[in-house]
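Scope of the values below: all heavy atoms of this structure, side chains included, with no hydrogens, waters or symmetry mates. Keep in mind that what you see is a predicted model, and the values were worked out from it rather than measured.
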Amino acid sequence: MHIEKLKYYIDLYECRNFTQVAKKNYISQASLSQFISSLEQEFHTPLFDHKKTPIIPTTKGTIFYNQAKLILKQYERLQEVMQADTPALYIGYTSYEDLKFLLHYIPLFKERYPEIKIDLDKVLIKDINEAIHSHMYDCILSFTHSFDEAGMVSEVLAKGQYGAIVGKGHPLYERESVTIDELYTYRMIMLSRNQIGDSYDEFLRRSRNLDGYEPMIVRTVDDLDTEMFYIITENLLGFAPSADITIPYHEAIHYVPIIDTHHTYQICAGYSKDSTSTSLSKFIESFH
């Protein structure tokens, strides 16, 4: 199997059109079909349902796609490492809050280490373990993940407190702050466990054990934009690590600090215990 085949497969999976993928990669459609057929023969399984138009990937085809992206990313990294005098730094992040932190910090890091190239990608919470253990990234930043799995190291880079976010028309919209006692009288919305991992259960633990309340979580969603939609349309209360998260929504969303809150967060960098990246060492050391 050649790396080129993986690239063709990834393009076809994402585009679902043989003609467009062949044109993009400057090969004939017949050659592309032959490449895909050879992959299916090599792994003894159909990767696409070729009877459908446009073609649809099979379950094994989706698994192959996810693994192919990892392999291609690792190969591209290998090429860069072998060609560069100083290894690049590959950083993953999971949310806007992590990105905001990086955008503030990276210019300072680049000023100190201008020779280190930085490659940045967003990573889904569910993919963190595989991304780190496969060395797809040197480290991943997250304020919702603790990186306490075997073989990982976790470094706390920053700390903060959650506040409440509400839509226009909510009883708290005009308030400058809210107490813990008041907080739990309102219906809440949360990002799902699939998105924020252990932070979901940690929120429940702190609510019950430290605040003494059972939160009224009436809806969970998988992304921030959907959460904001329901905060606005159903007068639900959500949580955010900073007021900046409301900026794209203008006056439709208001951030309300919580008095005496136990709901805090940490921005952590997680990386493999057996990492040998000198660029990662410099990145982590620069925080101390």
- With respect to D11, which candidate in K69, K23, K24 satisfies the salt bridge (Lys or Arg N to Asp or Glu O under 4.0 Å) definition? K24
- Task: Kindly compute the distance separating CG (L103) from CG (L120), expressed to the nearest 0.5 Å.
- Result: 7.5 Å
- Residues E285, K282: salt bridge by 4.0 Å N-O rule: no
- Item | Smallest separation among heavy atoms of G169 and N235, with atom names | C-OD1, 3.9 Å
- No-hydrogen, no-angle side-chain donor-acceptor test under 3.5 Å, Y249 and D225: yes
- Any luck finding a side-chain donor-acceptor pair between T62 and T59 under 3.5 Å? no
- Item | Minimal non-hydrogen separation, C268 against V156, with atom names | SG-CG2, 4.1 Å
- Cluster overlap L124 with I267, hydrophobic side-chain contacts below 4.5 Å: no
- Using the side-chain contact (heavy atoms from CB on, under 4.5 Å) rule, take V166 and V256 through it: C-alpha gap first, then chi angles, then the decisive distance, then the call. CA-CA 8 Å; V166 295; V256 186; 4.3 Å; yes
- With a 4.5 Å limit on heavy-atom distance, are the side chains of I118 and I106 in contact? yes
- Student check: side-chain heavy atoms of D244 and Y96 closer than 4.5 Å: yes
- Would I56 end up clustered with I36 when hydrophobic side chains under 4.5 Å apart are linked, directly or stepwise? no
- T261 (side chain) donor-acceptor with I258 (main chain) under 3.5 angstrom: no
- Task: State, yes or no, whether a side-chain contact exists between M136 and E130 at a heavy-atom distance under 4.5 Å.
- Result: no
- Message: Holding to ring pair (Phe, Tyr, Trp, His ring centres under 6.0 Å), I want the full list of residues that pass it with Y9, two or more places apart in sequence or in another chain.
- Response: F48, F64
- Message: I'd like to know if the side chain of N209 reaches the main chain of R206, judged simply by a donor and an acceptor atom lying under 3.5 Å from each other, with no hydrogens or angles considered.
- Response: no
- Task: State, yes or no, whether a side-chain contact exists between Q29 and Q34 at a heavy-atom distance under 4.5 Å.
- Result: no
- Task: Run through F143, F203, Y200 and flag the one making a ring pair (Phe, Tyr, Trp, His ring centres under 6.0 Å) with F239.
- Result: F203
- Query: Above 12 or not: heavy atoms from other molecules or residues under 6.0 Å from CD of E251?
  - Reply: no
- Message: Has H250 got a side-chain atom pairing as donor or acceptor with A252's backbone, closer than 3.5 angstrom?
- Response: no
- Query: Between H50 and E40, does a side chain to side chain donor-acceptor pair (under 3.5 Å) hold up when you go through it step by step?
  - Reply: CA-CA 12 Å; H50 297 274; E40 293 179 324; 3.1 Å; yes
- Does S275 use its side chain to pair, donor to acceptor, with the backbone of S272 at less than 3.5 Å? no
- Query: Are the side chain of Q20 and the backbone of N17 linked by a donor-acceptor contact shorter than 3.5 Å?
  - Reply: no
- Where Y13 and G61 come nearest, the two heavy atoms and their spacing: CE1-O, 4.0 Å
- Query: How far apart are the closest heavy atoms of I132 and Y271, and which atoms are they?
  - Reply: CG2-C, 3.8 Å
- Task: Step by step, work out the side-chain contact (heavy atoms from CB on, under 4.5 Å) result for I245 and L224.
- Result: CA-CA 10 Å; I245 206 167; L224 182 61; 3.6 Å; yes
- Query: Which pairs count as side chain to side chain donor-acceptor pair (under 3.5 Å) when at least one residue sits in residues 105-114, sequence neighbours excluded?
  - Reply: Y105-S286
- Task: Please name the pair of heavy atoms, one in A158 and one in F101, separated by the smallest distance, quoted to 0.1 Å.
- Result: CB-CE1, 3.8 Å
- Message: Return the CG to CG distance between L183 and L237, rounded to the nearest 0.5 Å.
- Response: 5.5 Å
- Can you tell me how far the OH atom of Y186 sits from the CE atom of M216, to the nearest 0.5 Å? 9.5 Å
- Does S279 reach the main-chain N or O of L89 with its side chain, forming a donor-acceptor pair under 3.5 Å? no
- Task: Measure from the side-chain N and O atoms of T226 to the backbone N and O of D222, and report whether any donor-acceptor pair falls under 3.5 Å.
- Result: no
- May I have all residue pairs that pass ring pair (Phe, Tyr, Trp, His ring centres under 6.0 Å) and include part of residues 212-231, sequence neighbours excluded? Y184-Y213
- Message: Could you check whether atom NZ of K60 has more than 12 heavy atoms from other residues, nucleotides or ligands sitting under 6.0 Å from it?
- Response: no
- Item | Working for side-chain contact (heavy atoms from CB on, under 4.5 Å), residues I217 and I189 | CA-CA 6 Å; I217 301 174; I189 184 170; over 6 Å; no
- Going by heavy atoms in the side chains, are F35 and V21 under 4.5 Å from each other? no
- Query: Donor-acceptor pair, Q161 side chain versus T264 backbone, under 3.5 Å?
  - Reply: no
- Query: Between S192 and T220, does any side-chain donor sit less than 3.5 Å from a side-chain acceptor?
  - Reply: no
- Message: Measuring from atom CG of L99 to atom CG of L141, what distance do you get when rounded to the nearest 0.5 angstrom?
- Response: 10.0 Å
- Query: Heavy atoms, side chains only, cut-off 4.5 Å: are K273 and M152 in contact?
  - Reply: no
- Output, in order, the C-alpha distance, side-chain angles, deciding distance and verdict of side chain to side chain donor-acceptor pair (under 3.5 Å) for H263 and D211. CA-CA 10 Å; H263 298 297; D211 294 341; 3.2 Å; yes
- Hey, could you give me the CD1/OG distance between I247 and S242, rounded to the nearest 0.5 Å? 8.0 Å
- Query: Linking I/L/V/M/F/W/Y whenever their side-chain heavy atoms sit closer than 4.5 Å, directly or via other members, would V221 and L204 fall into one cluster?
  - Reply: yes
- Shortest non-hydrogen pair, P215 vs M188, comes out as CB-SD, 3.8 Å
- Message: Do I63 and I55 land in one hydrophobic cluster if side-chain heavy atoms of ILVMFWY residues count as linked below 4.5 Å?
- Response: no
- Got a second to check how far I232's CD1 is from M228's CE, nearest 0.5 Å? 8.0 Å
- Taking side chain as C-beta onward, heavy atoms only, is H262 less than 4.5 Å from Y162? no
- Sub-4.5 Å side-chain heavy-atom contact between N25 and L32: no
- Are Y90 and Y137 close enough that their ring centres sit under 6.0 Å apart? no
- Backbone N/O of R175 and side chain of H254: donor-acceptor pair under 3.5 Å: yes
- Item | Single-linkage hydrophobic cluster, 4.5 Å side-chain cutoff, I259 and I165 together | no
- Can any side-chain N or O of R219 pair as donor or acceptor with the backbone N or O of L236 at less than 3.5 Å? no
